[in-house]
Amino acid sequence: MKIKDKIFDYVRSKQPERSARFPHLDQPLKIIILYESDVLERNDNIKTIRQELLRRQMDVTMWGYVEKKEITTLILPQSRILGLNDYNLLGKPRDYVLTDLQAEHYDLLIDLTTRPLLPLRYLALFTNADFKVGMNLGEGIHDMLISLPDFSPEQGDAAEIEASWLFHQIMEYLTTIKSND
């Protein structure tokens with residue numbers, strides 16, 4: 001295990017206990033989507049997902065990450081892509097990133113990360129959301145995990161999973177499960 005991962009585990013262990021509130025998808029929700037951006041920062045599949053949620057009367061914010069220094073996409077209130085310069089040497093987001101991220105409260109975090117990426121794990125950890133859902137990558141951040149029968153975090157890129165497929169799995173589970181609130 002790398003030192004950056006050990007530091008992340010320590011930071012995660014120091015976070016206060018969460019009490020999750022299951023989202024009611026029949027009501028308008030404020031949603032944040034975390035995803036791994038493509039190198040060209042086009043992210044057509046993520047934009048399609050956003051449009052689908054907007055049609056459901058949801059307020060959608062998207063935060064992506066791409067492993068490069070210079071980000072060409074503008075920082076907008078509803079969409080932002082982070083790069084290597086937005087993180088310190090230990091892999092933790094810089095203070096201005098955390099300030100912007102924690103300035104908003106969300107009803108639902110949808111983490112479309114399909115492999116263990118430390119920058120996105122930090123974003124998921126520090127996002128102020130009532131309910132967090134994502135793929136089971138073994139980090140204990142999310143309130144609901146989507147597991148795949150043939151996937152293990154060690155496989156990394158070998159298990160090519162489409163973010164749009166993961167999104168539809170998440171939405172299927174969220175609509176199937178009824179809350180007891």
Side-chain angles (χ1 to χ4, degrees), residues 4-5 7-37 43 46-47 49-54 56-66 71 73-88 90-146 163 166-167 169-171 173-175 177 179-181:
K4 288 181 180 182
D5 291 325
I7 292 169
F8 174 81
D9 288 339
Y10 175 78
V11 170
R12 187 189 61 200
S13 73
K14 295 299 178 191
Q15 296 302 305
E17 188 71 29
R18 288 179 34 81
S19 67
R21 273 193 19 233
F22 196 83
H24 297 279
L25 291 181
D26 54 347
Q27 301 169 357
L29 298 175
K30 189 167 189 171
I31 298 174
I32 183 168
I33 297 173
L34 300 181
Y35 65 96
E36 182 179 4
S37 174
N43 304 306
I46 304 299
K47 290 176 183 172
I49 289 168
R50 182 175 190 274
Q51 290 303 319
E52 185 175 324
L53 289 170
L54 289 173
R56 293 180 178 208
Q57 307 301 313
M58 306 294 178
D59 180 8
V60 183
T61 302
M62 306 179 310
W63 281 57
Y65 172 78
V66 64
I71 303 301
T73 305
L74 293 173
I75 296 174
L76 302 170
Q78 300 297 316
S79 179
R80 182 173 191 168
I81 296 178
L82 302 173
L84 295 172
N85 289 336
D86 296 307
Y87 293 84
N88 65 23
L90 299 175
K92 190 174 178 187
R94 298 197 184 274
D95 289 341
Y96 66 88
V97 172
L98 291 177
T99 301
D100 291 352
L101 181 66
Q102 294 175 329
E104 294 289 331
H105 176 82
Y106 300 95
D107 299 307
L108 175 62
L109 174 139
I110 299 175
D111 187 346
L112 297 179
T113 308
T114 57
R115 61 190 182 108
L117 279 172
L118 189 61
L120 289 170
R121 290 167 62 198
Y122 269 113
L123 292 182
L125 178 66
F126 288 121
T127 298
N128 183 6
D130 291 338
F131 196 79
K132 299 179 180 183
V133 61
M135 201 159 121
N136 187 1
L137 298 174
E139 65 245 348
I141 296 170
H142 302 94
D143 302 310
M144 186 172 95
L145 299 171
I146 304 296
L166 178 58
F167 169 75
Q169 293 298 307
I170 288 170
M171 293 307 287
Y173 281 107
L174 289 177
T175 53
I177 299 169
S179 172
N180 290 331
D181 290 348

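In this text the structure is predicted, and so the values were computed from the model without any measurement. Count residues from 1 along the sequence.
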- [ ] Compare all side-chain heavy atoms of Ile177 with those of Met144 and state whether any distance is below 4.5 angstrom.
- [x] yes
Open item on the list: Counting C-beta onward and ignoring hydrogens, is there a side-chain heavy-atom pair between Asn85 and Ile71 closer than 4.5 Å?
Closed with: no
Open item on the list: Given 3.5 Å as the limit, does a donor-acceptor pair link the side chain of Arg18 with the main chain of Ala129, or not?
Closed with: yes
Task: Backbone N/O of Ile46 and side chain of Asn43: donor-acceptor pair under 3.5 Å - done: no
Task: Interatomic spacing from CG in Leu174 to CG in Leu108 - rounded to 0.5 Å - done: 6.0 Å
Task: Heavy-atom neighbours of Asp95 CG exceed 12 at 6.0 Å - done: no
Task: Stepwise side-chain contact (heavy atoms from CB on, under 4.5 Å) check, Met58 with Glu52 - done: CA-CA 9 Å; Met58 306 294 178; Glu52 185 175 324; over 6 Å; no
Open item on the list: Taking the ring centre of each residue, are Tyr122 and Tyr87 less than 6.0 Å apart?
Closed with: no
Open item on the list: Using modelled atom types and a 3.5 Å cut-off, is there a donor and acceptor pairing between side-chain atoms of Lys132 and backbone atoms of Ile141?
Closed with: no
Task: Shortest non-hydrogen separation from Leu109 to Ala124 and the atoms involved - done: CD1-CA, 4.1 Å
TODO: Indicate yes or no for a side-chain donor-acceptor contact from Asp107 to the backbone of Lys30 under 3.5 Å, with no hydrogens or angles considered.
DONE: yes
- [ ] Side-chain contact test, heavy atoms from C-beta onward, threshold under 4.5 Å: evaluate it for Arg115 versus Met135 and give yes or no.
- [x] no
- [ ] Would you check, one step at a time, whether the test side-chain contact (heavy atoms from CB on, under 4.5 Å) holds for Leu112 with Ile170?
- [x] CA-CA 9 Å; Leu112 297 179; Ile170 288 170; 4.2 Å; yes
Open item on the list: Looking at Gln169 and Ile146, would you say the former's side chain and the latter's main chain have a donor-acceptor pair under 3.5 Å?
Closed with: no
- [ ] Give a yes-or-no answer on whether the side chains of His105 and Asp130 include a donor-acceptor pair shorter than 3.5 Å.
- [x] yes
Open item on the list: Any salt bridge linking Arg121 with Asp5? Criterion: basic side-chain nitrogen under 4.0 Å from a carboxylate oxygen.
Closed with: yes
Task: Side-chain donor-acceptor contact under 3.5 Å, Asp86 with Tyr65 - done: no
Task: Separation of Phe126 CZ from Arg12 CZ (nearest 0.5 Å) - done: 11.5 Å
Task: Heavy-atom side-chain contact between Leu53 and Met171 under 4.5 Å - done: yes
Open item on the list: When you compare the side chain of Lys92 with that of Phe8, does any pair of heavy atoms fall below 4.5 Å?
Closed with: no
Task: CG-CZ distance between Asn88 and Arg94, expressed to the nearest 0.5 angstrom - done: 6.0 Å
Open item on the list: Can you confirm whether His142 sits close enough to Asp111 that some side-chain heavy atom of one is under 4.5 Å from a side-chain heavy atom of the other?
Closed with: yes
Open item on the list: Taking atom OH as the centre, does Tyr10 end up with more than 12 heavy-atom neighbours from other residues, nucleotides or ligands that are less than 6.0 angstrom away?
Closed with: no
Open item on the list: Nearest 0.5 Å, please: how far is CD1 in Ile33 from NZ in Lys47?
Closed with: 13.0 Å
- [ ] Please tell me if the side chains of Arg80 and Leu74 come closer than 4.5 Å, counting only heavy atoms from C-beta onward.
- [x] no
Task: Note, Thr61 side chain near Ile31 side chain (heavy atom, < 4.5 Å) - done: no
TODO: Could you tell me whether Arg21 and Asp143 have a side-chain N and a carboxylate O separated by less than 4.0 Å?
DONE: no
Open item on the list: Between Arg56 (side chain only) and Pro28 (backbone N and O only), is there a donor and an acceptor less than 3.5 Å apart?
Closed with: no
